[in-house]
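The structure appears right after this line, and notes come after that.
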Amino acid sequence: MELDEKKYLYLLFILPLVVLVFLFNLYWKRKKQREFGDLEMVKKLSPESSVFKPVLKVTVLILALLGLILGLVNPKIGTKMETVKREGIDIVFAIDVSKSMLAEDVAPNRLDKSKQIVSQIINQLGSDRIGIVAYAGSAFPVLPITTDYSVAKMFLQSMNTDMVSSVGTSFNEAIKLSSTYFDDKKTSKLLIMISDGEDHNEGADEAAEEANKLGIKIITIGVGTEKGGTIPLKRNGVVEGFKKDNNNEVVITKLVPESLTAIAKATKGGYVNGNNTKEVLEYVKNALNNIQKTEFEATEMADFQSQFQWFLGFAFLLLFVDVFLLERKTSWVKKLDLFNENK
């Protein structure tokens, strides 16, 4: 089951407020009755007054409000899992999470900019399968190949510079790990690498050539400026200083497009500067249009049906019943005598 409009769940806070108002009203009435005279005498003067009926009315009202809120939320139920055929390509996003990606020479910083770019690329995809890899001095699998874009975005937003312990940047490790994601030899394969281009390990060219032999095309996206920027050290969002090297000099990290261009060129891919998101999206869109799509099977929940009508119908029925519920005693209430009101 999934909830179509989760934003309306906050309306559930209305229900305890209704209960509090009801209890306060009972307290106020009882207080006024005491001021008027003896409670037993007041009860005899109003023999048709019921304690049970107001409780019943407020219960009906709460259930009706609950039905209206659930109707707005619109729960959906999937009836079965089925295998469907789709046409697309396999795409792996390899995102640099080294400390240099915290530089703020592009807003808000290089890593957040990278996540924004990937999220926008995912938004314009159709039925392609996607996976996510994080890398710094080593590579880490974040999300295996999937067609669930919402889950991919959730994992994407959770990425940070602490998820890979080894320092530096290794394109070699990123390419090697990403290559293992492509489990279908027949499907077209695309690796999109996002980085500032500062590679501190060797072997990137060899890894790119090996990827090319496997039929993997690589598009590289450079994030940062060639002028460069410092790497802020923050605690609770407050800058406490800047990263320094072994000589106690403040580190200036710069965009190195040459290394990213060389990797892309080895697989007949391409390089694009990531500082302009619109240009990146257009470039990737054109690249995808030029890659042959293949048919593959994907297992997913099918036949999601909206259920809001049942909750709204239940709510309106209760509101209709509430109109005819009077607060005075009726014959069936007298027979039930739930609160010993007939004594």
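Throughout, numbering of the chain's residues begins at 1 and tracks the sequence.
- Between G131 and I145, the closest heavy-atom pair is N-CD1, 3.9 Å.
- For the pair S98/V167, no side-chain contact is recorded, criterion being any heavy-atom separation below 4.5 Å from C-beta on.
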Requested in this report: Show the numbers, then the answer: is there a side-chain contact (heavy atoms from CB on, under 4.5 Å) between I192 and V92?
Outcome: CA-CA 6 Å; I192 299 179; V92 174; over 6 Å; no

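- Looking at heavy atoms from C-beta onward, F155 lies in side-chain contact with V151 at the 4.5 angstrom threshold.
- For the pair L281 and Q124, the minimum side-chain heavy-atom distance is below 4.5 Å.
- Annotation: the span from L23 atom CG to L26 atom CG amounts to 6.5 Å, rounded to 0.5 Å.
- Between L190 atom CG and L288 atom CG the span is 6.0 Å, to the nearest 0.5 Å.
- Side chain of N212 to main chain of A208: no donor-acceptor pair is present (N/O by atom type, distance under 3.5 Å, no hydrogens or angles).
- The closest side-chain heavy-atom distance from L312 to Q309 is not below 4.5 Å.
- Counting only distance, with no hydrogens or angles, the side chain of K115 and the backbone of M159 share a donor-acceptor pair below 3.5 Å.
- F308 has its side chain out of reach of L72: every pair of non-hydrogen atoms, C-beta onward, lies at least 4.5 Å apart.
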Requested in this report: Assess whether side-chain contact (heavy atoms from CB on, under 4.5 Å) is satisfied between I263 and I218, documenting all intermediate values.
Outcome: CA-CA 7 Å; I263 291 173; I218 301 178; 3.9 Å; yes

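- Atom CG in L102 sits 8.5 Å away from atom CG in D112 (nearest 0.5 Å).
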Report task. Could you check Y10 against L12 for side-chain contact (heavy atoms from CB on, under 4.5 Å), going step by step and ending with a plain yes or no? Result -> CA-CA 5 Å; Y10 75 91; L12 290 173; over 6 Å; no

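- Taking the side chain as every heavy atom from C-beta outward, T225 and N275 approach each other to under 4.5 Å.
- Judged by distance alone, with hydrogens and angles left aside, the side-chain atoms of S166 form a donor-acceptor pair with the main-chain N or O of S138 at under 3.5 Å.
- Atom OH of residue Y181 and atom OG of residue S179 lie 11.5 Å apart, to the nearest 0.5 angstrom.
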Query raised in the report: Hey, mind stepping through I121 and F93 against side-chain contact (heavy atoms from CB on, under 4.5 Å) and telling me if it holds?
Result: CA-CA 10 Å; I121 292 174; F93 295 96; 3.8 Å; yes

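- One hydrophobic cluster, built from ILVMFWY side chains closer than 4.5 Å, cannot hold both I194 and Y135; they sit in different ones.
- A side-chain donor-acceptor contact under 3.5 Å links N160 to the backbone of S158.
- Atom CD of E202 has 12 or fewer heavy atoms from other residues, nucleotides or ligands within 6.0 Å.
- Taken together through direct or relayed side-chain contacts under 4.5 Å among Ile, Leu, Val, Met, Phe, Trp and Tyr, V106 and I231 form parts of separate hydrophobic clusters.
- Each salt bridge (Lys or Arg N to Asp or Glu O under 4.0 Å) pair with one or both residues in residues 145-171, not counting sequence neighbours, appears once here: K99-D162.
- A136 and V164 make their closest contact through CB-CG1, 3.8 Å (heavy atoms, listed as atom of the first residue, atom of the second, distance).
- Looking at every heavy atom in both residues, S178 comes nearest to V133 through OG-CG2, 3.8 Å.
- Cluster membership check: I122 shares its hydrophobic cluster with Y283, using side-chain heavy-atom separations under 4.5 Å among Ile, Leu, Val, Met, Phe, Trp and Tyr.
- Between L191 atom CG and I175 atom CD1 the span is 6.5 Å, to the nearest 0.5 Å.
- We find the CZ-OH distance between R129 and Y149 to be 10.5 Å, quoted to the nearest 0.5 Å.
- By the 4.5 Å heavy-atom criterion applied to side chains, N74 and F311 are not counted as neighbours.
- The shortest distance between side-chain heavy atoms of D128 and D90 does not fall below 4.5 Å.
- Between G274 and I221, the closest heavy-atom pair is CA-CG2, 3.6 Å.
- For the pair L260 and D196, the tightest heavy-atom approach, listed with the atom from each and the gap, is CD1-C, 4.4 Å.
- No side-chain N or O of S188 forms a donor-acceptor pair with one of K217 less than 3.5 Å apart.
- Across all their heavy atoms, L177 and A139 have their closest contact at CD2-CB, 3.6 Å.
- Under the 4.5 Å side-chain heavy-atom criterion for grouping Ile, Leu, Val, Met, Phe, Trp and Tyr, V97 is connected to L143 within one hydrophobic cluster.
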Name every donor-acceptor pair, under 3.5 Å, that has one atom in a side chain of residues 232-255 and the other anywhere in the protein, sequence neighbours excluded.
{"from": "K234", "atom 1": "NZ", "to": "E104", "atom 2": "OE2", "distance (Å)": "2.8"}
{"from": "D245", "atom 1": "OD1", "to": "N247", "atom 2": "N", "distance (Å)": "2.9"}
{"from": "D245", "atom 1": "OD1", "to": "N248", "atom 2": "N", "distance (Å)": "3.1"}
{"from": "D245", "atom 1": "OD1", "to": "E249", "atom 2": "N", "distance (Å)": "2.8"}
{"from": "T253", "atom 1": "OG1", "to": "R110", "atom 2": "NH1", "distance (Å)": "2.9"}
{"from": "T253", "atom 1": "OG1", "to": "E198", "atom 2": "OE1", "distance (Å)": "2.9"}
{"from": "T253", "atom 1": "OG1", "to": "E198", "atom 2": "OE2", "distance (Å)": "3.1"}

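- When each of T220, T169, D96 is paired with S195, the side-chain hydrogen bond (donor to acceptor under 3.5 Å, both in side chains) condition holds for D96 and for no other.
- Hydrophobic clustering (side-chain heavy atoms under 4.5 Å, transitive across Ile, Leu, Val, Met, Phe, Trp, Tyr) groups L125 together with I132.
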